[in-house]
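First up is the structure itself, then whatever we jot down about it.
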Amino acid sequence: MIVGDRIVSLELLEEAVRNLSVPEDIEIKSLIWETADRPDFQKRAQNLEKNGPEAEEPPAGLIEAVADADVLLVHFCPVARKVIEAGKNLKLIGTCRGGMEHVDVDAATEKNIPVIHVIRNAEATSDFAIGLIFSETRNIARGHAALKTGVWRKDYVNAGYTTTIREMTLGLIGLGNIGKLVAEKAAAIGMKVLAHDPYVPQEKADSLGLKVRMTEKEEIFRSCDVVSLHMRATPETKNSIGSELLGMMKPTAYLINTSRATIIDKEALYEALNERRIGGAALDVFWDEPVPADDPMLSLDNLTMTPHLAGNVVDALPKSPNLLVRTINKYWKEGNTEMVVNADKIS
């Protein structure tokens, strides 16, 4: 059972699915998660990201169609509990994206169904995170904006502590696919890298060839010059970057977020920036998208903001169904993959 949408088409999904490693011919059932236009898709996708898989209705007919399906593959179609419970024969659920807000993973876990995702834009997002570090610490975006208004600006909030990237220590909160790539790129340009991830011990980081020191998140917030967030949005991580952790940061340190806005307590970050208790921040994700014109964050002079661009590269979306199918084939062949989001809870 495949469900396409305005962004990842049925044609792309069907072409990829024909490469699944199964011993017999594949019978493909298909539906479209309809949206009026691209803005409507973005609005409904954001609703799912903020409120979970019950926030939007699945396509008409999916409940009935999934009843006989062994595998359900989607992009952004909501896969709520009622869909999973209707799939009496479901053995696997896959999605062509990294975020899991549109899938009820708990419901799948209760039925012992593996849920596989892919980080289709990990390379692009890691590039962007490094770019935001340069932009915020060296005032690239602010300098550009000033010149566009005819101002030859030389004075900035961080003028008293601006230094080179090589002199900075980077702390990563989350060492998944994107975090690992950021670690590699940061180490390559000379940064010392620390990381915290409860699922990645030092031995595993070493085995991957990463030049990072694993430590507690408190040490990262206390000691690092730049803290970059690469966490999943879950009920447990919501607002987890709040006044306590931000209060540990040096007044010259920067916070970078290309993951999900909800992991940061917005009010706490605004106060830390407005009161100059941290050096600055760079955000590509926001609590409301598009950002409202009256959002107080827009008034801050020590904040770089970009409109959710980190993963936007031309080849990520078309390639994502093939990446998902390759990941599923690997899972079936080897019995494991880091892309099973509920791997530690199913047998």
Side-chain angles (χ1 to χ4, degrees), residues 39 42 46 121 123-173 178 182 185-186 188-191 221 224-230 241 243 246-247 249-261 263-314:
Q42 292 170 337
Q46 185 181 7
N121 49 14
E123 199 73 60
T125 303
S126 65
D127 287 347
F128 204 88
I130 295 292
L132 286 181
I133 294 171
F134 276 104
S135 185
E136 175 57 28
T137 63
R138 298 300 306 278
N139 302 299
I140 294 171
R142 281 186 282 274
H144 170 79
L147 270 177
K148 295 285 280 188
T149 61
V151 177
W152 186 262
R153 184 178 177 185
K154 302 291 280 186
D155 185 40
Y156 299 94
V157 171
N158 60 355
Y161 50 88
T162 301
T163 186
T164 61
I165 293 293
R166 188 177 288 273
E167 296 301 316
M168 293 182 172
T169 297
L170 172 65
L172 301 174
I173 305 297
I178 296 171
V182 174
K185 292 169 185 180
I189 57 179
M191 298 186 84
F221 278 89
C224 289
D225 302 297
V226 182
V227 178
S228 188
L229 306 178
H230 303 282
I241 310 302
S243 55
L246 293 172
M249 293 178 72
K250 298 185 289 188
T252 58
Y254 304 89
L255 184 72
I256 311 294
N257 191 17
T258 54
S259 54
R260 290 289 185 266
I263 64 179
I264 301 177
D265 183 324
K266 181 180 180 180
E267 183 177 346
L269 178 60
Y270 174 79
E271 291 176 358
L273 291 167
N274 189 49
E275 296 171 12
R276 304 285 195 262
R277 287 190 269 114
I278 66 174
L283 308 177
D284 185 54
V285 288
F286 302 92
W287 299 264
D288 293 294
E289 295 183 4
V291 176
D294 61 351
D295 193 312
M297 290 287 188
L298 294 170
S299 66
L300 296 169
D301 196 33
N302 53 352
L303 174 63
T304 297
M305 305 169 74
T306 52
H308 209 146
L309 296 175
N312 288 10
V313 291
V314 296

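Owing to the predicted nature of the structure, the values given are computational and were not obtained by experimental measurement. Below, all heavy atoms of this structure are taken into account, side chains as well, without hydrogens, waters or symmetry copies.
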Next item on the list: Begin with the C-alpha distance, continue with both residues' side-chain angles, and end with the deciding distance and a verdict on side chain to side chain contact (heavy atoms under 4.5 Å, CB included) for L298 and V291.
Entry: CA-CA 9 Å; L298 294 170; V291 176; 4.2 Å; yes

Margin query: What verdict does the side chain to side chain contact (heavy atoms under 4.5 Å, CB included) test give for L246 and I241, after you've listed the backbone C-alpha separation in whole Å, the side-chain angles of each residue and the deciding distance to 0.1 Å?
Written below: CA-CA 7 Å; L246 293 172; I241 310 302; 4.1 Å; yes

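Two residues are said to be in side-chain contact when any heavy atoms from C-beta on lie closer than 4.5 Å; Y270 and L300 meet this criterion. At least one side-chain heavy atom of W152 sits less than 4.5 Å from a side-chain heavy atom of L147. Considering only heavy atoms from C-beta on, L269 stays 4.5 Å or farther from L303 through its side chain. For the pair F134/I189, a side-chain contact is recorded, criterion being any heavy-atom separation below 4.5 Å from C-beta on. No side-chain heavy atom of N158 sits less than 4.5 Å from a side-chain heavy atom of T252. Counting heavy atoms from C-beta on, the side chains of L170 and V182 come closer than 4.5 Å. Inter-residue side-chain proximity for L273 and I278 is flagged as met; some heavy-atom pair is nearer than 4.5 Å. Residues M168 and Y254 meet the side-chain proximity criterion, which asks for heavy atoms closer than 4.5 Å.
Pairing each heavy atom of C224 with each of V227, the nearest pair is CB-CG2, 4.3 Å. A pairwise comparison of heavy atoms in K266 and M297 identifies O-CE, 3.6 Å as the closest pair. Across all non-hydrogen atoms, the minimal contact from E136 to A281 is OE1-O, 3.1 Å. Considering all non-hydrogen atoms of both residues, W287 and Q46 come closest at O-NE2, 4.3 Å. In terms of heavy-atom proximity, S299 sits nearest to P296 at OG-O, 2.6 Å.
Summarising the geometry, atom OG1 belonging to T125 is positioned 8.5 Å from atom CG belonging to N312; distances are rounded to the nearest 0.5 Å. Atom CG of residue L132 and atom OG of residue S228 lie 8.0 Å apart, to the nearest 0.5 angstrom. Interatomic distance, CD1 of I178 versus CZ of F128, reported as 12.5 Å (0.5 Å rounding). The line from OG of S135 to CD1 of I130 is 13.0 Å long, rounded to the nearest 0.5 Å. The line from CD1 of I133 to NZ of K185 is 11.5 Å long, rounded to the nearest 0.5 Å. Taking CG of N302 as the reference point, atom OG1 of T304 lies at 9.0 Å (rounded to 0.5 Å).
Here salt bridge (Lys or Arg N to Asp or Glu O under 4.0 Å) pairs that include residues 146-171, with residues two or more places apart or in two chains, are R153-D301.
For the pair Y156 (side chain) and R142 (backbone), a donor-acceptor distance under 3.5 Å is absent. Proximity of a side-chain donor or acceptor of N257 to a complementary backbone N or O of R260 within less than 3.5 Å is detected.
Between D284 and T306, the side chains place a donor N or O and an acceptor N or O closer than 3.5 Å (distance only, hydrogens not considered).
For R138, the CZ atom sits in a loose shell: 12 or fewer heavy atoms of surrounding residues, nucleotides or ligands are nearer than 6.0 Å.
Under the side-chain contact (heavy atoms from CB on, under 4.5 Å) criterion, D265 pairs with N239, E267, A268, sequence neighbours left out. For E289, the salt bridge (charged side-chain N to carboxylate O under 4.0 Å, His left out) test picks out no residue, with sequence neighbours left out.
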